[in-house]
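Whatever order the structure lists ligands and atoms in, that order sets their numbers, starting from 1.
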Amino acid sequence: MTTTLITGANKGLGFETARQLLEAGHTVYLGSRDAERGRLAAAQLGARSIQLDITDDASVLAAAKAIEADGGLDVLINNAGVEERGAANAVIGPADVTADLMRETFETNVFGTVRVLHAFLPLLARSAAPVVVNLSSGLASLTRVAGIPAHVYPGVAYPASKTAVNMVTVQYAKAFPNMRINAVEPGFTKTDLNGNTGIQTVEQGAEIIVRMAQVGPDGPTGGYFDAEGTLPW
Ligand code: NAP
């Protein structure tokens, strides 16, 4: 039996990933920073609910202790994320981005991801087939974004945070060769993150997350993938 934790799974891609992995037979801990929203979402799916605010040490440590006491963890999906936007859902570009906005975005997307990794690595180390999936973005790719005209996507904080997630992924993958640790780009998906402007459904977006959550011991590690294959860094 594979036990999986998904952070930020009370809605959006995390919720759909939970649904698909439950269907595949995983025992799923549905993480939510709001305990009640998490309880309702987990009840809807038949998942286990766990309060988990990835910006809060005490919350993350309590979640790790509870899951350890319940038997441990095989798969960690670092899904919780934010994209700070301005009025009318406008992406905040270089003229308006502030240090505070960068800090807020990194606090969740980067520091939160590392906080969760740090707390759950000891549990994963005891699994026979440990797997980590980090939610990156196509906007994390320096190669890709350098080729996108400024008016198509002017944002700074969000893509920079996801580029940092890619580096975190590579360095952890090298340090823990027994684990499969990969970054994924789900594609532009209709969720609250982007004011529901995405063009894919959550079912489509979750596909690569679910696939990389089920990668076997001989599967890739330290990679960056979307549904079509490997992405350029
Ligand atoms: P979403 O519907 O807005 O869901 C984001 C989830 O993260 C929510 O459950 C939210 O909880 C949670 N969250 C935010 N801050 C948190 C914190 N401090 N602690 C715990 N949970 C927190 O967005 P989504 O599109 O599904 O995004 C999921 C992941 O996919 C993100 O990492 C995002 O960057 C990535 N991604 C999305 C797209 C896309 O097009 N949608 C594309 C590429 C990558 P609340 O409900 O409490 O706010």
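The nearest heavy-atom contact from the protein to atom 12 (C) of ligand 1 is Gly8 CA, 3.7 Å. For atom 3 (O) of ligand 1, the nearest non-hydrogen atom of the protein is Leu193 N, 3.3 Å. Atom 40 (O) of ligand 1 has Thr189 N, 2.7 Å as its closest protein atom, hydrogens excluded (heavy atom only). Shortest contact from atom 22 (C) of ligand 1 to any protein heavy atom: Ala80 CB, 3.6 Å. The protein heavy atom nearest to atom 46 (O) of ligand 1 is Asn10 ND2, 2.8 Å. The protein heavy atom nearest to atom 35 (C) of ligand 1 is Tyr158 OH, 3.9 Å. Among all non-hydrogen protein atoms, the one lying nearest atom 42 (C) of ligand 1 is Gly187 O, 3.4 Å. In terms of protein heavy-atom proximity, atom 5 (C) of ligand 1 is closest to Gly81 O, 3.8 Å.
In this structure, CG in Leu124 is found 12.0 Å from CG in Asn178, a value given to the nearest 0.5 Å. Taking CG of Asn109 as the start and CG of Asn78 as the end, the distance is 10.5 Å to the nearest 0.5 Å.
Ion pair Glu185/Lys162 not flagged as a salt bridge, since none of the NZ, NE, NH1 or NH2 atoms sits closer than 4.0 Å to an Asp/Glu carboxylate oxygen.
Contacts with ligand 1 closer than 4.0 Å are made by no heavy atom of Phe15, backbone or side chain. When heavy-atom distances to ligand 1 are checked against a 4.0 Å cut-off, Gln200 has no atom that comes that close, whether in backbone or side chain. The proximity of Lys190 to ligand 1, defined as any non-hydrogen pair under 4.0 Å, does not occur for either the backbone or the side chain. At a heavy-atom distance under 4.0 Å, only side-chain atoms of Glu185, from C-beta outward, approach ligand 1. The part of Ser136 lying near ligand 1 is the backbone, judged by heavy-atom distances below 4.0 Å.
In terms of modelled atom types and a separation under 3.5 Å, the side chain of Tyr224 and the main chain of Ser137 share a donor-acceptor contact. Proximity of a side-chain donor or acceptor of Glu84 to a complementary backbone N or O of Val97 within less than 3.5 Å is not detected. Listed for the Thr189 side chain is a donor-acceptor partner under 3.5 Å among the backbone atoms of Gly187. Side chain of Thr221 to backbone of Ile181: a donor-acceptor contact under 3.5 angstrom is found. A donor-acceptor pair under 3.5 Å is absent between the side-chain atoms of Asp74 and the main chain of Val131, judged by distance alone. At least one donor-acceptor pair under 3.5 Å links the side chain of Asn182 to the backbone N or O of Pro220. The backbone N or O of Glu107 sits nowhere less than 3.5 Å from a side-chain atom of Thr55 that would complete a donor-acceptor pair. In this structure, the side chain of Glu104 does not engage the main chain of Leu101 through any donor-acceptor pair within 3.5 Å. With Arg211 contributing its side chain and Ala227 its backbone, the two residues share a donor-acceptor pair below 3.5 Å.
Checked options Val114, Asn79, Val116; the residue passing with Ile54 is Val116 (criterion: side-chain contact (heavy atoms from CB on, under 4.5 Å)).
Checked by distance only, ligand 1 and Arg37 come closer than 3.5 Å through their nitrogen or oxygen atoms. Polar contact with ligand 1: absent for Gly14 (N/O pair, distance under 3.5 Å). The shortest N or O to N or O distance between Thr108 and ligand 1 is not under 3.5 Å. Among the atoms of Leu13, some N or O lies under 3.5 angstrom from an N or O of ligand 1. Here's the thing with Phe188: none of its N/O atoms is less than 3.5 angstrom from an N/O atom of ligand 1. Checking only distances, Asp53 does come within under 3.5 Å of ligand 1, N or O to N or O.
Those atoms of ligand 1 with a heavy atom of Pro186 less than 4.0 angstrom away are 36 (N), 42 (C), 43 (C), 44 (C). Counting the atoms of ligand 1 from 1 in the order shown, those under 4.0 Å from a heavy atom of Asn194 are 39 (C), 40 (O), 41 (N).
Using a 4.0 Å heavy-atom cutoff, Asn79 is listed among the residues neighbouring ligand 1. Remark: distances from the non-hydrogen atoms of Glu83 to ligand 1 are all 4.0 Å or more.
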Run the side-chain contact (heavy atoms from CB on, under 4.5 Å) test on Ile6 and Ile209 for me, step by step, so that the C-alpha distance in whole Å, both residues' side-chain angles and the decisive distance to 0.1 Å come before the verdict. CA-CA 11 Å; Ile6 309 168; Ile209 311 173; over 6 Å; no

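When Leu30, Leu52, Thr191 are ranked by how near their heavy atoms come to atom 24 (P) of ligand 1, first place goes to Thr191.
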